[in-house]
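What follows is a single structure, written as structure tokens, with notes after it.
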There are 2 protein chains.
Amino acid sequence: MTTISDVAKEANVSVATVSRVLNNHSSVRPETYERVYKAIEKLSFEPNMSARNLRRNETRVILIVAPNITNPYYAHILSGIGDAASEYGYSALIFNTNGEETREKESLDMLKKKKADGAILLSIDIDSLWLKEYADKYPIVHCSEYTKDLNIPKVSIDNYKASLDVMEYIISLGHKRIATITSSNNYISTHERLEGYKDSLEKHGINLKEDYIASANADYSFKSGKAAAYKLLQGENRPTAIFCISDTIALGAIIAAKELGIKVPEDLTIIGFDDVDDTTMFHPYITTISQPCYDIGREAFKILFGIINKGKDNKKVVLPHKFIIRESSAPIS
Amino acid sequence: MTTISDVAKEANVSVATVSRVLNNHSSVRPETYERVYKAIEKLSFEPNMSARNLRRNETRVILIVAPNITNPYYAHILSGIGDAASEYGYSALIFNTNGEETREKESLDMLKKKKADGAILLSIDIDSLWLKEYADKYPIVHCSEYTKDLNIPKVSIDNYKASLDVMEYIISLGHKRIATITSSNNYISTHERLEGYKDSLEKHGINLKEDYIASANADYSFKSGKAAAYKLLQGENRPTAIFCISDTIALGAIIAAKELGIKVPEDLTIIGFDDVDDTTMFHPYITTISQPCYDIGREAFKILFGIINKGKDNKKVVLPHKFIIRESSAPIS
DNA sequence: GTGAAAGCGCTAACAC
DNA sequence: GTGTTAGCGCTTTCAC
């Protein structure tokens, strides 16, 4: 194993100078820099991270906290975080919380115990104010979901705007009886999408009907989406369009419609959200909002990196979503 | 931050003794042990990993090499690895290779550069003999897929046996015209499943028909599965059963059959593999082989941990699969 | 059974 | 602009 002092000998300088070169300190004369650089290359020297970490009091580990990385949505984000982290020389401690607050806290205690330099939270309830205590002391960034009223850096799409986009489109198709399937979870995305739904109706002078709002499980399960759609479609004056808060729910709604003999999109428009599940297997392919999950992950890492190395920040990054029209939506007949 | 010497003071011993307690050296007198232990608790001391790693020349980082963690199969395994790693105080460097050999080698160079203590490979071609060079020098374990003829520790299910199970079942249903959709990739699982298919036919005196063997893409895509099924079902003397190497392919086959007006399972039995995609959304629910992905991941980590800490090993662990009969299979009519 | 002390590889004050 | 050196927190040899 070659060390900094091997390089120093090779280049005929002191270890301090090598260290300076390694850390891009400006005070090194170009010739010296060159000489050291060549020695580094020649010996193919790689700095020992444990030594550097010990000295700098860092870990070069980040915490990734998610309910369940098996969920494709989180898997995509994780992929982006993971790639960025590798590029910057960080490794990851992946914590599955199963959505439990105790597990969330437990994971953040890793920060307290100095097992990680910072954390990226993939999902957190809108009202998790207990987070403040941690965010004040440690580098934390929100990814996708975030707590309201807490000034913590975050990256996500504009869920409210995306919801508006969906609703404008549905309304432009001539629909008036528009329902939504939301979720029983307590995420900001869920709230904002519902707000967008309500505000759009109001803007267009369409009365909000409470029984046009159904709710699926916290984890957007197919089954619960299907059940919610059943409720919606079996009531009287059934909707001609349903805005679903996720693609899995939309899939459930499509099946419910099919079982009830309602044709999609001819008699019922269904819109999804996320575009991460494969919804181009079965017709009708689902019209949906697509999120740049991978980039959300990458960006989250970069912000965290900035905080760890340059100190506090409260950047809020909003990435663009895309509206993808496929087959499950049509003008009212 | 409390250090080992704080603990030493508190317990009235030397740092060496604290270290011994920390590492369970037997040579510490019970009373001393007790005293130190209490001091550790009292100060809620946590050893500084960077210091320990520097001293021991470790990183406490493992490499996880996968084509794409966004694939649910890998995501499930990753979940198991991640949980086990966290429990043992390891973090992970996740490398997406996209199936490219150069990326695989690149990732393993992290071992050379001492950026990780060992690696878990989630997929590797059956004939990647170049791996030997690395496996001889560094702790590496195979997970799910492995290279033939290389004596590297591994954990997987018995793909050959699983294939036999499927085939015995299909044959017991009375089918004689049995096709398979394999994959163009070069994984051992693919080979073994195909072997099982062939051997079963032979055992039951059914002639192998080359045009009953179709092939989907390397990544088992739905589309390619559907295309392969089309080829199978449009030929003359079409099969009455198709054994698909993955659930996504089976899903494709079901759609192909539906489009061709062939009823599943009445006129065509379709079997899948993996049970990781959600195949209980649409009827018919798919009869399939289920793999204990999470446990495969956990076990792989444990073996790696063993090698890192106790030295070479060539344990081969075979975990049990399950055969799940659902709706896509029926006796020949 | 326990302690003293060296040293892992690096960074950063401080000196020149 | 560069070198000398202390020291980050831990493990481990060597004494006793």
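All values below were derived from every heavy atom in this structure, side-chain atoms included, with hydrogens, water molecules and symmetry-related copies excluded.
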* Please check the phosphate of D:dT11 (OP1 and OP2 only) for any side-chain N or O of B:Asn23 closer than 4.0 Å. => yes
* Asked: Between A:Leu54 (CG) and C:dG7 (P), how many Å, whole number?
  -> 17 Å
* Structure fact -> Numerically ordered, the residues 34-47 of chain B set in heavy-atom contact under 4.0 Å with DNA chain D is B:Phe45, B:Pro47
* **Side chain of B:Val13 (C-beta onward), nearest among C:dG3, D:dT2, C:dT11** => C:dG3
Identify all pairs in which a protein N or O lies below 3.5 Å from an N or O of nucleotides 4-6 of chain D, and state each distance.
none

* Length of the CG-C1' vector between B:Asn53 and D:dC8, whole Å -> 14 Å
* Do B:Arg103 and B:Glu106 come close enough that some side-chain heavy atom pair is under 4.5 Å? -> yes
* For the pair A:Lys112 and A:Asp109, find out whether any cationic side-chain nitrogen is under 4.0 Å from an anionic carboxylate oxygen. => yes
* Does OP1 or OP2 of D:dT2 have a side-chain N or O of A:Thr32 closer than 4.0 Å? -> yes
* Lys/Arg-Asp/Glu bridge criterion (N-O < 4.0 Å) met for B:Glu10, B:Lys42 -> yes
* NZ/NE/NH1/NH2 to OD/OE distance under 4.0 Å, B:Lys38 and B:Glu41 -> no
* Asked: Hey, is the side chain of B:Arg52 poking within less than 4.0 Å of OP1 or OP2 on D:dT11, counting only N and O atoms?
  -> yes
* To do: Apply the test side-chain hydrogen bond (donor to acceptor under 3.5 Å, both in side chains) to residues A:Asp127 and A:Asn186: give CA-CA distance (whole Å), side-chain angles for both, the deciding distance (0.1 Å), then the verdict.
  => CA-CA 8 Å; A:Asp127 56 359; A:Asn186 206 9; 3.3 Å; yes
* Roughly how far apart are B:Ser144 OG and B:Ile120 CD1, rounded to 0.5 Å? -> 11.5 Å
* What distance do B:Phe305 atom CZ and B:Ile303 atom CD1 have between them, rounded to the nearest 0.5 Å? -> 13.0 Å
* To do: Look at all strands and tell whether B:Ser27 reaches a base, only sugar-phosphate, or nothing, counting heavy atoms closer than 4.0 Å.
  => base
* Is the B:Tyr187-B:Tyr146 ring centre distance short of 6.0 angstrom? -> no
* To do: Take the protein atom CZ of A:Arg60 and the nucleotide atom P of C:dC10, then report the distance between them rounded to whole Å.
  => 14 Å
* Measure from the side-chain heavy atoms of A:His25 and tell me the nearest of D:dG9, C:dA12, C:dC10. => C:dA12
* To do: Identify which nucleotide among D:dT11, D:dG1, D:dG9 has an atom closest to any side-chain atom of B:Met1, counting heavy atoms from C-beta outward.
  => D:dG9
* Would you mind reading off the distance between B:Leu22 atom CG and D:dG9 atom C1', rounded to a whole angstrom? => 11 Å
* Asked: So does A:Arg56 get a side-chain nitrogen or oxygen closer than 4.0 Å to the phosphate oxygens (OP1/OP2) of C:dT11?
  -> yes
* In whole angstrom, what separates A:Asn24's CG from C:dA12's P? -> 13 Å
* Walk me through it: do B:Asp117 and B:Tyr138 pass the test side-chain hydrogen bond (donor to acceptor under 3.5 Å, both in side chains)? => CA-CA 8 Å; B:Asp117 295 340; B:Tyr138 310 106; over 6 Å; no
* **Rounded distance (Å) that lies between atom C1' of C:dA6 and atom CD1 of B:Ile4** => 15 Å
* To do: With the side chain counted from C-beta on, respond yes when B:Tyr294 and B:His76 share a heavy-atom pair under 4.5 Å apart, and no when they do not.
  => no
* Rounded distance (Å) that lies between atom C1' of C:dG3 and atom NZ of B:Lys9 -> 15 Å
* In whole angstrom, what separates B:Asn48's CG from D:dC10's P? -> 6 Å
